[in-house]
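I have placed the structure first, in the form of structure tokens, so that the comments after it can refer back to it.
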Amino acid sequence: MQFLEGLNDAQKKAVLATQGPLLIVAGAGAGKTKTIVHRICHLIEIGTKPSEILAVTFTNKAAKEMRERVISQIQAIPAVLREDSIPFVSTFHSLGVFLLRKFGAYNGSVKRFTILDDGDTMSLIKESLQYFGLDPKQNEPRSIRSIISRSANDLLTPDQLLNDSNPRNRMSGQIWKRYVALKHEQKSLDFDDLLLETVKLLEENETARAWCHDTWHYVHIDEYQDTNEVQYRIARALAGDRKNLCVVGDSDQSIYSWRGANIKNILEFEHDYPEATVVLLEENYRSTKTVIAAANEIVNKNTYRTPKQLFTNNADGELISVYAAYDENDEAKFIVERCVEQLDNGVAPDDIAILFRTNFQSRAIEEAFLSYNIPYQVLGVKFFERKEVKDVLSYIRAAQNPDSLVDIKRIINTPVRGIGKVTIVKLFAEGKESLSGKALISVTKFYELLENIREYSELHSVSETIKYIIIESGMQHAYKEDKVDGEERLENLEELVTLALRYDHFDGGEGLEKLLEDATLMSDQDNLANDLGSTKNNNAGVKLMTIHASKGLEFGTVFVTGLEHGLFPHERDSKLTGADAEEERRLMYVAVTRARRKLYLTYASMRTIFGMRDVRLPSEFLMDVPDEYIERESRSGESGFTTFYL
């Protein structure tokens with residue numbers, strides 16, 4: 001029983017509960033990943049084949065970490081030696097891609113399909129609007145996309161939305177129906193489809209469902225509190241009659257209702273599986289006693305939760321610093337000055353995080369960091385969302401699937417080849433045979449380029465293929481000629497080639513497909529992790545990010561900023577009811593528990609929002625923290641406040 005070593009009693013109970021449904025309620029910093037990894041390894045140790053174990057999480061970063069830790073641990077088991085003899089660890093979306101490519105999407109009719117990213121999806125939504133003569137400028141495509149996505153994840157159909165009493169929903173249903181038709185024509189799936197088609201596959205295709213049950217005898221679902229209705233049904237379908245379903249999560253960290261996450265999935269697990277074993281992981285290994293005490297005081301006021309009380313054997317640690325600033329600029333200066341102190345005391349820049357409720361708060365903080373010449377990094381535009389990177393990926397997809405009109409439209413005149421909009425419209429409407437003269441020559445050369453890329457990719461590695469695309473497409477020449485930002489774009493493409501080296505060991509076209517999947521499914525946290533490991537820049541700077549983006553991360557020093565009523569908690573919180581009304585408090589709990597050693601809480605008495613100067617009241621969350629855990633600070637010689645009142 002080597003995989004019980006180093007575990008506390010609750011973790012051991014979770015590892016040993018191998019049969020039937022299991023709910024692991026894992027508090028912040030309570031070692032949930034370690035527990036899952038040891039449970040998987042224990043299953044293998046007692047005779048379960050690694051290939052019979054499935055583990056599903058939400059981000060590529062989390063899946064990669066879990067996979068690596070499992071592989072590292074099972075090396076100690078003599079019977080497990082082959083590289084392919086490992087559990088299947090993936091995200092929900094990657095699992096969907098795997099199953100749909102194995103058994104086929106659209107009721108098994110399509111096994112080779114293109115995955116649409118956000119930009120591709122928006123392009124098709126706009127095209128659908130224009131099909132009905134609607135102006136995208138008057139009908140916000142992103143808003144319509146949000147309505148469609150939410151409806152899809154609630155398992156509604158376009159026809160149901162068409163019959164809705166709300167006129168905007170009815171219009172969105174009309175657009176949705178056209179959008180679905182365009183996807184079918186192009187053999188493409190968006191993010192929602194990867195899950196929706198998987199649900200249909202598992203619930204309606206007996207062969208696929210039987211294969212999953214015969215293959216995976218033990219199913220693990222991480223971050224179960226973040227699952228939506230579709231993911232809930234995937235988990236239920238995978239569990240089958242064995243019901244060897246282990247879910248891990250924390251209702252106190254359910255902060256994604258706006259994405260469709262349903263906290264009821266974890267709160268009602270025992271109702272769904274009355275025979276379930278429930279294990280509480282309450283010992284925190286991350287933070288000081290002071291931080292944990294404050295976190296408990298904050299979250300214990302919620303009622304929609306699994307009751308638990310975090311504790312730690314770590315030191316008491318420093319008191320929590322509270323600063324009442326005059327305005328957002330004073331707040332920013334305080335933050336930067338305390339960062340300077342931390343840096344002078346030997347704290348690494350990337351072990352400091354500035355967290356905020358909404359993105360607009362970063363502006364004043366960024367300006368302060370710039371004025372003090374302190375390196376910082378804002379969690380912003382994703383690497384794979386940069387135009388030049390997306391262009392290369394579109395070349396790959398178009399070469400593999402010439403039916404992908406979204407990709408053809410994106411790159412047919414990138415870089416400029418003299419193929420105008422009129423030619424593109426005529427090409428899409430009537431085909432290449434309708435063209436003549438220079439237009440026909442240019443289009444023919446373009447399709448020859450795609451064919452050359454496809455043939456080249458079959459004989460060369462992923463990184464070599466991307467180099468080939470950059471050169472042969474003319475992108476390299478065009479960006480060398482661009483004296484404005486061409487150099488930066490080329491550096492990004494060079495980084496893409498470097499990244500592609502990770503996929504060179506795959507056989508045939510598998511490497512390109514894997515790169516495309518990973519690029520498309522990449523999340524904010526994955527992007528941060530990749531940026532931190534960039535070969536171009538160590539990015540050793542203080543991290544600025546939203547609290548939502550910080551979930552799953554930890555830092556030695558954390559600043560939680562903008563703790564003002566109407567900002568955090570957000571003003572919309574007052575209009576919510578039930579569990580939704582408690583989400584802001586859960587968000588505060590997540591923010592506080594990111595800190596290992598030192599926690600700062602700041603707010604401003606005045607703040608400029610949308611050009612208006614507002615008087616602000618301190619957040620109720622500040623009053624949740626007992627005075628015994630707090631020290632109030634001021635800026636020397638400046639007009640900060642040292643007390644606050646509600």
Side-chain angles (χ1 to χ4, degrees), residues 1-7 11-24 32-57 60 62-103 198 201-202 205-224 231 234-248 273 275-277 279 505-507 510 514 517:
M1 296 294 182
Q2 60 179 307
F3 295 108
L4 297 180
E5 296 177 7
L7 301 180
Q11 291 171 331
K12 288 177 183 177
K13 182 180 178 181
V15 168
L16 292 171
T18 58
Q19 299 303 309
L22 170 65
L23 169 62
I24 302 175
K32 73 176 180 67
T33 302
K34 179 179 181 179
T35 303
I36 300 173
V37 168
H38 279 245
R39 185 177 192 272
I40 290 172
C41 293
H42 174 68
L43 285 168
I44 297 171
E45 185 182 27
I46 62 176
T48 304
K49 294 179 181 178
S51 59
E52 294 176 342
I53 300 172
L54 170 68
V56 185
T57 186
N60 292 305
K64 180 175 181 289
E65 178 188 358
M66 188 179 297
R67 187 182 302 110
E68 290 176 346
R69 289 175 67 170
V70 168
I71 292 173
S72 174
Q73 293 280 351
I74 63 177
Q75 299 304 314
I77 306 175
V80 184
L81 298 175
R82 300 198 324 274
E83 184 178 339
D84 62 341
S85 185
I86 61 174
F88 191 104
V89 183
S90 78
T91 64
F92 272 103
H93 289 93
S94 294
L95 174 64
V97 172
F98 171 79
L99 292 175
L100 294 174
R101 289 211 161 120
K102 183 176 184 65
F103 295 101
T198 300
L201 183 74
L202 293 173
N205 187 317
E206 187 174 343
T207 300
R209 187 169 62 253
W211 182 90
C212 289
H213 294 163
D214 290 343
T215 302
W216 297 313
H217 296 183
Y218 295 90
V219 179
H220 301 74
I221 308 292
D222 193 14
E223 303 288 6
Y224 195 64
Q231 292 157 335
I234 290 174
R236 186 175 64 183
L238 289 170
D241 293 334
R242 288 191 187 89
K243 296 183 180 180
N244 286 335
L245 175 64
C246 169
V247 303
V248 189
Y273 303 93
E275 70 275 36
T277 300
V279 178
H505 67 281
F506 288 96
D507 294 328
E510 188 181 356
K514 184 64 177 165
E517 287 173 18

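Nothing fancy with the numbering, it's 1 onward along the sequence.
Annotation: the span from T277 atom OG1 to Q19 atom CD amounts to 10.5 Å, rounded to 0.5 Å. Once rounded to the nearest 0.5 Å, the distance linking CZ of F103 with CG of L202 reads 9.0 Å. Distance check, rounded to the nearest 0.5 Å: NZ of K102 to OG1 of T207 gives 11.5 Å. Note that the CD1 atom of I44 and the CD1 atom of I74 stand 4.5 Å from one another [nearest 0.5 Å]. Note: H505 NE2 to K514 NZ = 9.5 Å, rounded to the nearest 0.5 Å.
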- Let me see the working for L4 and L16 under side-chain contact (heavy atoms from CB on, under 4.5 Å), right down to the final yes or no. CA-CA 9 Å; L4 297 180; L16 292 171; 4.0 Å; yes

- Item | Criterion side-chain contact (heavy atoms from CB on, under 4.5 Å) on F88 and I53, from CA distance to verdict | CA-CA 6 Å; F88 191 104; I53 300 172; over 6 Å; no

- Task: Apply side-chain contact (heavy atoms from CB on, under 4.5 Å) to Y224 and Q231, showing your working.
- Result: CA-CA 9 Å; Y224 195 64; Q231 292 157 335; over 6 Å; no

- Apply side-chain contact (heavy atoms from CB on, under 4.5 Å) to I221 and C246, showing your working. CA-CA 6 Å; I221 308 292; C246 169; over 6 Å; no

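Remark: the backbone N or O of L245 is not paired with any side-chain donor or acceptor of H220 at under 3.5 angstrom. K12 places no side-chain N or O within 3.5 Å of a backbone atom of E5 that could act as its donor or acceptor partner. R39 places a side-chain N or O within 3.5 Å of a backbone atom of A17 that can act as its donor or acceptor partner.
Not counting sequence neighbours, the partners of T18 by the side-chain contact (heavy atoms from CB on, under 4.5 Å) test are H42, L43, I46. Taking A14 as the reference, I24, T35, V279 meet the side-chain contact (heavy atoms from CB on, under 4.5 Å) condition, with sequence neighbours excluded. Taking K32 as the reference, A26, D222, E223, V248 meet the side-chain contact (heavy atoms from CB on, under 4.5 Å) condition, with sequence neighbours excluded. Judged as a side-chain hydrogen bond (donor to acceptor under 3.5 Å, both in side chains), and not counting sequence neighbours, Q73 has no contacts.
Annotation: side chain of M66 is in contact with side chain of I36 (closest heavy-atom distance under 4.5 Å). Between Y218 and L54 the shortest side-chain heavy-atom distance does not fall below 4.5 Å. Side chains of R209 and L201 form no contact here, defined as non-hydrogen atoms less than 4.5 Å apart. Between P21 and V247, every side-chain heavy-atom pair lies at or beyond the 4.5 Å cut-off.
With respect to E65 and R69, a salt bridge is recorded, a charged nitrogen being found less than 4.0 Å from a carboxylate O.
Counting only residues at least two apart or on different chains, the side-chain hydrogen bond (donor to acceptor under 3.5 Å, both in side chains) pairs with a member in residues 237-247 are H217-R242.
Minimum interatomic distance between G240 and H213 (heavy atoms only, all atoms of both residues): CA-NE2, 3.5 Å.
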Please output the side-chain donor-acceptor pairs of residues 92-101 that fall under 3.5 Å, not counting sequence neighbours, one pair per line with the distance.
unit_1 : atom_1 : unit_2 : atom_2 : d
S94    : OG     : T91    : OG1    : 3.0
R101   : NH1    : E517   : OE2    : 2.6
R101   : NH2    : F113   : O      : 3.0

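By the 6.0 Å contact criterion, CD on E275 is enclosed, its count of non-hydrogen atoms from other residues, nucleotides or ligands being greater than 12.
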